[in-house]
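Before any comments, here is the structure.
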Amino acid sequence: MNDVASAGGSAWPAPAKLNLFLQIVGRRADGYHELQTVFRILDWGDTVHLRVGGPGPVRRIGPSVAGVAEADDLLVRAAELLRSATNCQLSADISVEKRIPAGGGFGGGSSDAATALVALNALWGLALPVDALAALGCQLGADVPVFVRGHNAWAEGVGERLTPIELPPAWYLLVDPGVHVPTPELFRAPDLTRDAAPAKIADFASGTLLGNAFEPVLRRREPAVEAVFQALARVGSVRLTGSGGGCFVEFDSLHAAERACAGLPAGLRAWVVGGAARSPLLDALAATKV
């Protein structure tokens, strides 16, 4: 059993996400790129375990994730940022059960950090409003605010300008090729399209926005990504999520997604998961009395 959970801690969901499309529409004066995307929150992800106490340190309990030093761990950084912003001196022991593959574009690290912000805000009794938590999250990463707010969203800017949207029920076949290319490296790729015509939410609703600006770049440079695209193309329309190598196909029913998964070549790391109407983190927060 998890050390934190077995010693009186609480468990909090940290859901994965998909980018249902992603395009780059320009570059800002500070060097960051202007994006447009739709975030779909999934009913599947990591579990963050937290145990809080009186005055003391923030500690990561258990092994590191992918060799990340404790001081660099987004979970620890999120907790320390929240303490600093509120002058809180209370302690926290933190651990995480990882299910979301690292570097796949499914948002695992960002979601873990968002869960730490939201849950510790409640457990420490800080009562920061969601806008303040989202602003703190933006300091940790562009994907953190959508997980803090917990709603499927149309996103612009670097991903921090969010407009909640309703998405129909859907199931997804996810495959992780195991490719982890640093995002800054992809943004520097000479063959990346950076000047797409700005779109509107209505364009997405019409079904005309499905591509990902990073897809052609990754497919050309990473044989493992291309191989997954070829395998998934036999069962549906394949898309890339985020700037990672993670690929997915959307289905209208769980049965169809499971049938497609069963027909994949052996050896692929695949999951069938549902899209969430809103983040399970919000449900956990509502159910918690602290």
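Small disclaimer: the values here were computed from a predicted structure and weren't measured. Note that these values count all heavy atoms, side chains included, but never hydrogens, waters or copies made by symmetry.
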Notebook entry, point to check: Which residue pairs pass the salt bridge (charged side-chain N to carboxylate O under 4.0 Å, His left out) test when at least one of the two sits in residues 227-247, sequence neighbours left out?
Noted result: Arg239-Glu250

Checklist line | Within-4.5 Å side-chain heavy-atom neighbours: Leu126 and Cys88 | finding: yes

Checklist line | Heavy-atom pair of closest approach, residues Ile100 and Pro15 | finding: CD1-C, 4.0 Å

Using residues 173-182 as the side-chain source, report each donor-acceptor pair under 3.5 Å to any protein atom, sequence neighbours left out, with the distance given to one decimal.
residue, atom, partner, partner atom, Å
Asp176, OD1, Gly178, N, 3.1
Asp176, OD2, Arg269, NH1, 3.3

Item checked: Pairs satisfying salt bridge (charged side-chain N to carboxylate O under 4.0 Å, His left out), at least one member in residues 19-28, at least two apart -> Arg28-Asp30

Note to self: Once side chain to side chain contact (heavy atoms under 4.5 Å, CB included) is applied, do any residues pair with Glu215, and if so which ones, sequence neighbours excluded?
What the structure shows: Asn212, Arg219, Phe229, Leu240

Next item on the list: Have a look at Tyr172 and tell me which of Asp43, Val272, Val249, Leu20 forms a side-chain contact (heavy atoms from CB on, under 4.5 Å) with it.
Entry: Leu20

What donor-acceptor contacts under 3.5 angstrom involve side-chain atoms of residues 127-138, with partners at least two apart or in another chain?
residue, atom, partner, partner atom, Å
Asp131, OD1, Arg149, NH1, 2.9
Asp131, OD1, Arg149, NH2, 3.1

Next item on the list: Verify the distance criterion only: is there a donor paired with an acceptor across the side chains of Asn19 and Thr37 at less than 3.5 Å?
Entry: yes

Next item on the list: Give a yes or no on whether the backbone of Ala276 and the side-chain of Asn152 come within a donor-acceptor separation of less than 3.5 Å.
Entry: yes

Note to self: Filter on salt bridge (charged side-chain N to carboxylate O under 4.0 Å, His left out), then keep only pairs touching residues 177-189, sequence neighbours left out; what's left?
What the structure shows: Glu185-Arg221

Checklist line | For Phe39, the rest of its hydrophobic cluster, which grows through side-chain links under 4.5 angstrom | finding: Val146, Phe147, Leu162

Check: Does Trp171 have any ring-ring contact (aromatic ring centres under 6.0 Å, His included) partners at least two apart in sequence or in another chain, and if so, which?
Finding: none

Item checked: Residue pairs, two or more places apart or on separate chains, that pass salt bridge (charged side-chain N to carboxylate O under 4.0 Å, His left out) and touch residues 112-125 -> Lys98-Asp112

Using a 3.5 Å cut-off and no angle test, enumerate the donor-acceptor pairs between side-chain atoms of residues 189-198 and protein atoms at least two apart in sequence or in another chain.
residue, atom, partner, partner atom, Å
Asp191, OD2, Arg220, NE, 3.1
Asp191, OD2, Arg220, NH2, 3.1
Arg194, NE, Phe187, O, 3.4
Arg194, NH1, Ala189, O, 3.4
Arg194, NH1, Leu192, O, 3.2
Arg194, NH2, Phe187, O, 2.5
Arg194, NH2, Ala189, O, 2.7

Item checked: Those residues that, when tested against Trp124, pass ring-ring contact (aromatic ring centres under 6.0 Å, His included) (two or more places apart) -> none

Item checked: Test side-chain contact (heavy atoms from CB on, under 4.5 Å) applied to Trp12 and Val96, Leu285, Thr47, Val118, the passing residue -> Leu285

Checklist line | Distance (rounded to the nearest 0.5 Å) between Trp154 CH2 and Leu167 CG | finding: 12.0 Å

Notebook entry, point to check: Can you tell me how far the CD atom of Gln23 sits from the CD atom of Gln36, to the nearest 0.5 Å?
Noted result: 5.0 Å

Next item on the list: List, by chain and then residue number, the residues other than Ile41 in its hydrophobic cluster (Ile/Leu/Val/Met/Phe/Trp/Tyr, side-chain heavy atoms under 4.5 Å); write none if there are no others.
Entry: none

